[in-house]
Number of protein chains: 2
Amino acid sequence: MPHKTQQRSSILEVMEELGRPVTPSELLKHASVKSPGLGLATVYRALKQLVKTGKSRKIEISGVPPHYEVFDKNDHHHFFVCEECLTMSVLDGCIGSFNKILPAGCRIKSHEVVIYGECKDCVS
Amino acid sequence: MPHKTQQRSSILEVMEELGRPVTPSELLKHASVKSPGLGLATVYRALKQLVKTGKSRKIEISGVPPHYEVFDKNDHHHFFVCEECLTMSVLDGCIGSFNKILPAGCRIKSHEVVIYGECKDCVS
DNA sequence: GTTGCTGCAAAAAGTTTGCAGGACG
DNA sequence: CGTCCTGCAAACTTTTTGCAGCAAC
């Protein structure tokens, strides 16, 4: 059974406070304020445990390094990546209905949609 | 101006023959038959050049290592990843219509859809 | 006290780069 | 013949692991 340590609490708090997908090194930077001396290995170990217990989710998409976000099964959403500033943001809602392109005989479990473009701050 | 070498031809041929997204090490394995002694660095350099000239595309999605495929702008498609055998396959067609979830003020350039599940060979 | 966690440093895995020689055009 | 490419090995980057000590329960 996992222990609730100061470091892991800090890491989860930072993810919740930022409210957007973050990278491990971003997490280290922010959580080090709450837990001085925090190491990157601890961040990776905490993330692995959060993913395993379903509290967090790893997001890997083209063009940006892996990000993690707090997972909430009632908040289904997708992502927008600005190709200009390489920031990842959350898109509410879902377009659904993938049946028409699915191959026969397979079982669908989940899906991911990523939209690439320029965010409103980078559209010039 | 790039030179047309035996190694690069082999690499592109293998991508065309397999007709599905492949990893750099898969490419090395298959292209080594046509070009004995081929090195992984050469595969990476060839892929970088193919991507830059628009002949190939890098696909990075959660759960599997980066793959590359021959790029054809008239063949828009998405991907299915079998969580069981970790194979990536191509889904023809597109569900389109992302406007309803797009944030205001941003410009959309492209999108990616990935469906996860079990392929027909792994559904038991 | 026992178990699990932490920081550090070393190890892995994947990708890139420097270099001397060779192929291409 | 100049330019670009190749294989090798070393360097880098990101992530994982071994270990001795410490914190949590």
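No experiment lies behind these values; they were computed from the predicted model shown. Letters A, B, ... are given to chains in the order of the sequence lines, protein chains preceding strands, and every chain is numbered from 1.
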Practice task
Starting from P on D/dT6, measure out to CG on B/L47 and report it in whole angstrom.
Solution key: 11 Å
Problem - Under 3.5 Å donor-acceptor, B/T42 side chain and B/L38 backbone - result: no
Practice task
Ignoring hydrogens and angles, state whether a donor on the side chain of A/Q6 or A/S35 is under 3.5 Å from an acceptor on the partner side chain.
Solution key: yes
Handout entry: Exercise: identify the closest heavy-atom pair between A/P21 and A/E26
Key = O-OE1, 4.4 Å
Exercise for the section: For A/L50 and C/dG4, give me the distance from atom CG to atom C1', rounded to whole Å. Expected result: 15 Å
Exercise for the section: Check every strand shown and say whether B/R8 touches a base, only sugar-phosphate, or nothing at a heavy-atom separation below 4.0 Å. Expected result: sugar-phosphate
Problem - Distance, rounded to the nearest Å, where A/L28 contributes CG and C/dG7 contributes C1' - result: 12 Å
Handout entry: 5' priority, DNA chain C, between A/M1 and B/K58 [closest heavy atom]
Key = A/M1
Completion exercise
Per the under-4.0 Å heavy-atom filter, residues of residues 59-71 of chain B near DNA chain D come out as none
Handout entry: Residue A/K34 excluded, over 12 heavy atoms near NZ under 6.0 Å
Key = yes
Tabulate atom names and distances for all N/O pairs under 3.5 angstrom spanning the protein and nucleotides 21-25 of chain C.
{"unit_1": "C/dG25", "atom_1": "OP1", "unit_2": "B/K4", "atom_2": "N", "d": "3.3"}

Fill in the blank from the handout: Rounded to whole Å, CG of B/L12 lies from C1' of D/dC5 at a distance of 16 Å
Exercise for the section: From the options A/R20, A/K55, A/R57, select the one residue that forms a salt bridge (Lys or Arg N to Asp or Glu O under 4.0 Å) with A/E69. Expected result: A/R57
Practice task
In whole angstrom, give the distance that lies between atom CG of A/L40 and atom P of D/dT16.
Solution key: 10 Å
Exercise for the section: Answer with yes or no whether A/R45 presents, from its side chain, a donor or acceptor under 3.5 Å of a partner atom in the base of C/dG7. Expected result: yes
Problem - Distance in angstrom units between B/Y44 OH and C/dA13 P, rounded - result: 13 Å
Handout entry: Over all atoms of both residues, closest heavy-atom pair of B/Y116 and A/E112
Key = CE1-CB, 4.2 Å
Practice task
Compute the centroid of each ring, for B/H78 and then for A/H111, and state whether the two points are separated by less than 6.0 Å.
Solution key: no
Exercise for the section: State, with a plain yes or no, whether a side-chain heavy atom of A/Y68 is found less than 4.5 Å away from one of A/I59. Expected result: no
Handout entry: NZ/A/K109: more than 12 non-hydrogen atoms of other groups inside 6.0 Å
Key = yes
Exercise for the section: Would you kindly give the CD-to-P distance between B/Q49 and C/dT15, to the nearest whole Å? Expected result: 19 Å
